[in-house]
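What follows is a set of notes on a single structure, which appears directly below.
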Amino acid sequence: MVSGNMFYRRKRSWRANDLVSRSTLQLLDFDDGSPPEYAWRRKLSSHANRLKEFNVTFREAFKMMKLGLRLWSYIREEASHGRKAPIDPFTRESDRPSASQGVPLGGMGCVLSDGCFTHLSRSGSISRGFRGEFKHWQIIPGSCEMSAVMANQFSVTRNPAMMVYHPGIGNYEVIVLHTMHYFLERGLSMMIVNTGKERAKVSLVMTWAVNSIGGLSHHSGEENMEFLACFYITSKTANGNPPVTFAVAACENQNVNVTVLPAFGLSGESSITAREMWGTLLQDGCFDRDNFSAGPSMPSSLGDTVCAAVCASTWVEPNGRCTVVFSLAWSSPKIKFKKGNEYYRRYTKFYGTSPRSAINLVQDSLMKYKHWEEEIDKWQSPILHDERLPEWYKVILFNELYFLVAGGTVWIDSESLMDDTNEMLNSRLPEDSDLPLCDSTRKSAVPLIGLTPHIIDDRENVGKFLYLEGIEYFMWCTYDVHFYASFALLELFPKIELSIQRDFATAVLREDRSRVRFLADGTWGTRKVIGAVAHDLGAHDPWHELNAYNIHDTSRWKDLNPKFVLQVYRDFAATCDMSFGKDVWPAVCTAMEYMEQFDHDGDGMIENDGFPDQTYDAWTVRGVSAYCGCLWLAALQAAAALARSLGHHDYAERCMVKFAKAKPVFEAKLWNGSYFNYDSGTSYNSRSIHADQLAGQWYTASSGLPPLFDEDRIKCTLQKIFDYNVMRVKGGRMGAVNGMHPNGKVDETCMQSREIWTGVTYSLAATMLLHGMDSQAFTTAEGIFIAGWSEEGYGYWFQTPEAWTIDGHYRSLIYMRPLAIWAMQYALSPPRSILEAPKVNTMDRTSYISPSTLQFLQDSVRKMTPKNSCFGSNSLNCDEC
């Protein structure tokens, strides 16, 4: 746990009067106009530098040449079918990434607000630059348009005629016009303060165009309800994707008059042009109220861009103030994947399937946003007011959650999945068929995920959930990465987390016999093997066609199955959901049995096979490895614990026998007196210090299980990693580099060994917290804040990459793994069920093994256990390490 006074507090970066003049602050007696105390802050004048992407070395390029040629061919083949390859390092966006990202807008599929923008959307996401521009559109699954749409903006007019043009008003901006202040209080909730001596009329205008999602044909309309006025625009998207309807509204009251212009064009061919629209605003300060009865406009012409505008006008008395609230919502009820399957999004369960539900969404957002903000404050307050925690941690803990919105999230209604299932059952399979349920239009034998009765009834009412590995790695719910990110879902949306685990549990027991070419070596193999945990839930046909990843044969990977067992037990222990444990138990047994084939010499410990058969898929492993071997030991103990909880005591004993047999092998082959070697091979990098070597112990401690090794060895290893992988890279200001040689030089065996992985750094910090190394933990994690989120860093805020090199060059922006920061919060505040679980002493594990078996194992252990130790006493002395 965190000690009381160990963290220094940074000086607050902005004072309130840096933002708003003192006279204006006196008017804002209920709100000083400054950002929240722990907000991520940028000034509009900040420079948005171009981000630098990593480069492979000549040696790395030479080693990957054949892979690159096969990948290039595969990408072209997928493109010929109109599909995006899961990994495409050759295609570059025309709009190069820059340090300009801001808070993304959108929702996961339920009522959600990000605290900075009033919105109620459940159909993808739209990001904003920190200067306020709307950019980075992800409304169609797998499609991400980076460029800003400059027609989407706010403008301010004041009578007498004066205009200030903005590409978008950023969060907490103050605009000064002759003693008039326009303040963005909450994203689109703007406060206007008149510090002058004359009454003034002010008009705030929001314009919107929908030319960024591939559509050419639009129509629009307007609504005038009791307390708000809005316009809506429907866009027909390209390539047969479902249409999207946008709605923009503003609150109308006795002080605020709202008018709309339902359609104007950017070209001279339009009936009303943009020039005429601005002229009307400058002259009248509003639009014609007769527009509300004009009816829907005509569809646009090919190539024409249709826009609409909503204007909120108000008179502000001298030394007075007025608040104007806008809202944006969008609706796209159906989601269509490239291989043909369509589903209804989760929000349609509550709002229906009409595209016009965007109007109801925007109405609800204006009615309920204050309540949402209050609930968010209640959720965040205990952490934000915890004086033990450093300020930077509070900032990035909540802001790393951006990925749950901007990470391509798809949440569907389970009923639409059941309809798809029923159609397949009724029309594609004969009643007496004994074949696995599958799509007979393909050669695949993999069924829909979630067909077993305990899943199909969706009794927890959460639907089905997907999120991408990253915007550059187009695979849904990539499992070896979810291993790190899942702490965020478990902490905040536990039923969604259990739903994902159920999907993978079902997939363990299924197969897909279709043939796939693995690009690393060019061999052909089976897409999905029974017993192997799926790498991902697919790309263009999720839940049907698994394992979109085809670089390596992941059925031979050594980390996926142990990670499945560890996640299942952690979730089971944290939620105490007995039905979940019973449901996934067959898959746990199958996954564990599948791993026995990788124990090549019968010593109980699995061996890696001399290729990158793990999440570090460019880093070769040989023999027993610290990463996979530690995961295997942890999985054996977790499987035994789950078995005991479910009453399968014989199975628990078998697992503990294997554990007792494998542990001394692992330690004898890898422990060198101060840490565990990377692997048991004979290559130069076999003695590398791997930052992630205690991943299995991380999950063991998180699940309330006895430690895998003596506590002194665990702490010695963590201290070694801290001293070398963290502090010897820019003084700890970058995070933890994956590989470090014992001589203090970065391991440059491959691209991934020399990278700093943001999510792995967070998980390492969480492991340190679990073992009482609080100072080292927060120093380690602060390196990610300094390099990625601070003004002195490289500019990766709201687009945290998978990795960066020691010179700050990124790989794979907007990535899933950094959600692992929530593992730190999990370590600081474990679930009650973990805290109150009976503590099992390491020696007590022998009580689960029969006496005769125990005697045999003890004799074996005495012969294999190494005598060297990192500690000569109970105190930590890392000079001996």
Side-chain angles (χ1 to χ4, degrees), residues 1-4 378-383 385-386 388-389 397 460 483 486-502 565-585 588 633-649 651-653 655-656 659 694-711 714-715 763 765-774 777 820-848:
M1 295 301 166
V2 181
S3 56
K378 289 178 184 177
W379 160 50
Q380 295 180 343
S381 182
I383 296 173
H385 293 94
D386 189 339
R388 302 170 302 165
L389 302 176
L397 176 68
E460 294 181 345
F483 176 75
S486 59
F487 280 88
L489 289 176
L490 179 61
E491 282 276 271
L492 305 175
F493 305 98
K495 291 185 178 181
I496 291 178
E497 164 62 13
L498 295 185
S499 174
I500 292 174
Q501 299 301 341
R502 290 180 190 271
V565 176
L566 289 171
Q567 288 183 74
V568 162
Y569 183 74
R570 178 208 55 188
D571 295 352
F572 173 78
T575 63
C576 299
D577 190 329
M578 188 62 68
S579 64
F580 168 74
K582 292 178 180 178
D583 291 342
V584 301
W585 174 246
V588 169
L633 290 175
L636 286 168
Q637 185 171 239
L642 181 60
R644 289 192 295 270
S645 299
L646 299 177
H648 303 293
H649 297 287
Y651 189 90
E653 178 177 344
C655 287
M656 292 314 299
F659 176 88
L694 289 179
Q697 176 56 34
W698 166 40
Y699 258 73
T700 295
S702 298
S703 303
L705 293 172
L708 301 177
F709 316 107
D710 293 341
E711 187 68 15
I714 294 172
K715 287 189 173 182
S763 70
T767 310
M768 292 172 172
L769 288 173
L770 289 165
H771 291 279
M773 301 174 66
D774 299 354
I821 191 173
W822 279 86
M824 295 181 66
Q825 189 59 31
Y826 185 97
L828 293 167
S829 302
R832 180 178 298 179
S833 58
I834 300 295
L835 289 173
E836 297 177 353
K839 301 303 177 186
V840 180
N841 186 279
T842 305
M843 300 304 296
D844 293 340
R845 286 186 287 212
T846 59
S847 63
Y848 302 109

Of the non-hydrogen atoms in Gln637 and Pro706, which two are nearest, and what is the gap between them?
NE2-O, 3.0 Å

Correct closest heavy-atom pair for Leu770 and Ser702 would be CD1-OG, 3.5 Å

Check: Gln697 side chain, Thr767 main-chain N or O, donor-acceptor pair, under 3.5 Å:
no

Taking only residues two or more places apart in sequence or in another chain, which ones pass side chain to side chain contact (heavy atoms under 4.5 Å, CB included) with Ala488?
Leu401, Leu819, Trp822

For Ala827 and Leu769, work out which heavy atoms get closest and say how close.
CB-CB, 4.0 Å

Side-chain donor/acceptor of Ser833 to backbone N/O of Ala574, under 3.5 Å:
yes

Return the OG1 to CG distance between Thr575 and Leu498, rounded to the nearest 0.5 Å.
5.0 Å

Spacing of Leu642 atom CG and Tyr651 atom OH [to the nearest 0.5 Å]:
9.0 Å

Grab the two heavy atoms, one from Val588 and one from Val568, that are nearest each other, plus how far apart they are.
CG2-CG1, 4.0 Å

Going by ring pair (Phe, Tyr, Trp, His ring centres under 6.0 Å), name the residues that satisfy it together with His648, two or more places apart in sequence or in a different chain.
Trp585

From Leu828 CG over to Asp386 CG, what is the distance, rounded to the nearest 0.5 angstrom?
8.0 Å

Spatial distance of atom CZ (Phe580) from atom CG (Asp583) [nearest 0.5 Å]
8.5 Å

Roughly how far, to the nearest 0.5 Å, is CG of Leu708 from OG1 of Thr700?
3.5 Å

Find the distance between CH2 (Trp698) and OH (Tyr826) and round it off to the nearest 0.5 Å.
11.0 Å

If the condition is side chain to side chain donor-acceptor pair (under 3.5 Å), which residues does Glu491 pass it with, not counting sequence neighbours?
none

Taking side chain to side chain contact (heavy atoms under 4.5 Å, CB included) as the definition, give me every residue that meets it alongside Ser486, ordered by chain and number, with sequence neighbours left out.
His482, Glu497, Gln567, Arg570, Tyr699

Within the distance-only criterion (no hydrogens, no angle test), does the side chain of Ser645 pair as donor or acceptor with the backbone N or O of Ala641 below 3.5 angstrom?
yes

Non-hydrogen atoms of Ala640 and Cys655 that approach each other most closely:
CB-CB, 3.8 Å

Tell me every residue that passes side chain to side chain contact (heavy atoms under 4.5 Å, CB included) with Ala638, counting only those two or more places apart in sequence or in another chain.
Val565, Leu566, Tyr569, Leu705

Closest contact, heavy atoms only, Ser763 versus Ala820
N-CB, 4.4 Å

